[in-house]
Amino acid sequence: MAETHALPFPWHSFDLRSRFLPEGWQQEILEVARVSAEDKYLVPSYATSREADSESQIPVHTVDGVTIAEELPWLYSLYRQQLRDMAQTLTREEVTTATDVRTGLTLNVQRGSQERYECHVDWNPLSGLLYVTDHPRGSGGELLVSNRGDVHSCEEVDADCTRIYPVAGHALFFDGRYHSHYVNALRNEEDVRVVLAMNFYTASHPEKNRPESLDRHLGLLP
Ligand SMILES: [Fe+2]
């Protein structure tokens, strides 16, 4: 039985559209996503997975951190500086970015109406998302986060959840370790959802403790 939390899931959001994002930022990222996204399958059998069927295969497309740093150096720099500074507002502990670019940031690309992102909890004490595409209410692609804490399927998340609708240029920060979450399928077959997912660390949850097996599960390490 999942723990019942008195309050809904909290998250923090910053609007970067009139600051920090260079002219043409969205098209530039979308082009890298179009050209460089690799096809992978997640098998949600890892300790942080929260799928009802741990044998299923979930298709995902990702652009790795090395490619992001090479193709979009301004975005990598944004992660290490201004986005880190935003994450810092959430905790008294010093927030750091990943020294291993492969596991620090990823572009997640979701195409068409048959894909979604696995139900899981985060390992990192602080996660960041920078939305590249807009997905208003009714169009799918929202992030669903359990208000009841750590639950074990999409259906259990759905039963009591916070729905976060992606707005291009908005950055989100949250502690996703104790609230199961997943990304809904898109409604329209033509739609593409792109988000920059970022990992941050603190002194009590440093990068060196992050299990390599998790990054292999996510396809970030070979
Ligand atoms: Fe997550």
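When a ligand or atom number is given, it counts from 1 through the structure's own listing order.
- Looking at residues two or more places apart in sequence or on another chain, you find a ring pair (Phe, Tyr, Trp, His ring centres under 6.0 Å) between Tyr79 and Phe200.
- Annotation: protein N, O or S atoms under 2.8 Å of the Fe ion (ligand 1) (waters excluded) comprise His120 NE2, Asp122 OD1, His181 NE2.
- Side-chain contact between Thr89 and Phe173 is absent, with no heavy-atom pair separated by less than 4.5 Å.
- Counting heavy atoms of neighbouring residues, nucleotides and ligands inside a 6.0 Å radius, atom CZ of Arg210 exceeds 12 of them.
- Ring geometry for Trp11 against Phe9 counts as parallel: the plane angle stays under 30°, on a 0 to 90° scale with 60° as the upper cut.
- Residues Thr67 and Asp64 have side chains that bring a donor and an acceptor to within less than 3.5 angstrom of each other.
- A donor and an acceptor atom, one from each side chain of His205 and Glu93, are nowhere located under 3.5 Å apart.
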